[in-house]
Amino acid sequence: YKRRETATRRGSAGVGRAAPPPVCAAVLGLSVGLFVVDAVLSRGATVSGSLGPLFQQLALFGPLVREGQYWRVLGCIVTHGGPLHLIFNMSVLYSLGMPFERAIGTGRFLWLSLITALGASAFSLLFDFEVPTVGASGMILGYGGAMLVTATREFRRSILFWLAQVAVLSLIPGISWAGHLGGFVFGLPVGVALRAGPRVFARAAPLLFAIALVVVYLTAHPELRGAR
């Protein structure tokens, strides 16, 4: 998340290429495609980190979400504040997200992605209500949260090291620490459900999704929480 101011497979008959995991491929394709479109519409302003006309309709911004533009809580995931932001997030999606989607299956990974994306947006609305926010990294941090619960002890160390690096980066001005934290926090219970097995996950995922929706709605409407 950035606040704006931020395999091949060998078969018996020869060598074939495994199809890319659908969810990650969709996020990657939409992110790159929309970035190109926005860059064209903005006459190159998107490349310098500005939000063009398309991205302005997708970026997370509390006052507009409160007015009913709820698509922004997910639309911001495929919106990025510059080429470096896009490249960094998509490289992590490719190296971390794609193997994880193959490991747990596309259906479960879709639930994970939706829940953590909503969680990231909820925390951004809660702590940075009037700050435009874009990027997929909050959702990706949710992957890290789920993997922290499901990974082996050896791999868990690698995940912890990566999370520590992201925590440091989150302190840089212009980076949405709230989005990162929200995605990670919502990823943890999804990881618990994954670890508990298919039957538990099938019941827990819709419940976690519903909870995420409620939290997003509450954070998008501060007046319901007694805030101004």
Side-chain angles (χ1 to χ4, degrees), residues 1-6 17-98 100-101 106 109-125 128-143 166 169 172-176 178-180 182-183 212-213 216 220:
Y1 254 71
K2 180 179 179 179
R3 298 190 308 176
R4 180 184 180 275
E5 337 153 303
T6 216
R17 182 172 296 276
V23 176
C24 285
V27 173
L28 197 156
L30 282 172
S31 297
V32 174
L34 291 177
F35 187 88
V36 172
V37 172
D38 198 61
V40 172
L41 294 176
S42 66
R43 298 182 179 180
T46 305
V47 178
S48 63
S50 299
L51 297 181
L54 178 60
F55 279 4
Q56 289 178 19
Q57 299 300 316
L58 295 175
L60 184 70
F61 186 53
L64 294 179
V65 177
R66 179 169 55 187
E67 291 179 4
Q69 297 184 19
Y70 295 111
W71 66 82
R72 293 177 179 270
V73 300
L74 292 179
C76 63
I77 299 300
V78 291
T79 308
H80 290 83
L84 290 180
H85 188 210
L86 174 68
I87 292 171
F88 180 80
N89 279 351
M90 294 304 100
S91 65
V92 179
L93 180 70
Y94 179 84
S95 61
L96 187 73
M98 285 194 174
F100 196 36
E101 182 175 351
T106 295
F109 191 81
L110 179 59
W111 277 117
L112 170 63
S113 299
L114 291 172
I115 293 166
T116 56
L118 291 173
S121 290
F123 271 52
S124 293
L125 290 170
D128 293 313
F129 188 77
E130 296 185 352
V131 180
T133 305
V134 296
S137 55
M139 179 181 69
I140 294 172
L141 262 291
Y143 301 161
V166 175
L169 290 175
I172 299 175
I175 304 295
S176 177
H180 289 175
L213 285 175
V216 165

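Computed over heavy atoms, backbone and side chain alike; hydrogens, waters and symmetry mates excluded.
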(message) With a 6.0 Å cut-off (strictly less than), is the heavy-atom count around OH of Tyr70, excluding the residue itself, greater than 12?
(response) yes

(request) Compare every heavy atom of Gly142 with every heavy atom of Leu112, then report the nearest pair and how far apart it is. (result) CD1-O, 4.1 Å

(request) Would you name the heavy atoms of Phe61 and Arg72 that are closest together and state the gap between them? (result) N-CD, 4.4 Å

(message) Measuring from atom CG of Leu28 to atom CG of Leu86, what distance do you get when rounded to the nearest 0.5 angstrom?
(response) 8.0 Å

(request) Might you point out which heavy atoms bring Val166 and His180 nearest each other, and give the distance in Å? (result) CG1-ND1, 3.8 Å

(request) Enter the distance from Phe55:CZ to Phe35:CZ here, rounded to the nearest 0.5 Å. (result) 6.5 Å

(request) Tell me, please, which residues at least two apart from Gln57 pass side chain to side chain donor-acceptor pair (under 3.5 Å). (result) none

(message) Restricting to non-hydrogen atoms, name the atom on Val73 and the atom on Val216 that form the minimum distance, rounded to 0.1 Å.
(response) CG1-CG1, 3.7 Å

(request) Measure the spacing between OG1 of Thr133 and CZ of Phe123 and express it to the nearest 0.5 Å. (result) 14.0 Å

(request) Assess whether side-chain contact (heavy atoms from CB on, under 4.5 Å) is satisfied between Thr116 and Leu141, documenting all intermediate values. (result) CA-CA 8 Å; Thr116 56; Leu141 262 291; over 6 Å; no

(request) Report yes if the side chains of Pro21 and Phe100 come closer than 4.5 Å at any heavy-atom pair, otherwise no. (result) no

(message) Restricting to non-hydrogen atoms, name the atom on Ser121 and the atom on Cys76 that form the minimum distance, rounded to 0.1 Å.
(response) OG-SG, 3.7 Å

(request) Can you tell me which residue pairs pass the side chain to side chain donor-acceptor pair (under 3.5 Å) test with a partner in residues 19-40, sequence neighbours excluded? (result) Asp38-Thr46

(message) Can you give me the closest heavy-atom contact between Val27 and Val78, atom names plus distance?
(response) O-CG1, 4.1 Å

(request) Compare all side-chain heavy atoms of Tyr94 with those of Cys24 and state whether any distance is below 4.5 angstrom. (result) no

(message) Between Leu114 and Leu74, is the side-chain contact (heavy atoms from CB on, under 4.5 Å) condition met? List the steps.
(response) CA-CA 8 Å; Leu114 291 172; Leu74 292 179; 4.3 Å; yes

(request) Only counting residues at least two apart or in another chain, list the ones meeting side-chain contact (heavy atoms from CB on, under 4.5 Å) with Thr106. (result) Pro22, Val23, Glu101

(message) So, taking the atom named CD in Gln69 and the one named CG in Leu60, what distance separates them when rounded to the nearest 0.5 Å?
(response) 11.0 Å

(request) Given side-chain contact (heavy atoms from CB on, under 4.5 Å), test Thr79 with Leu34 step by step and report yes or no. (result) CA-CA 7 Å; Thr79 308; Leu34 291 177; 5.7 Å; no

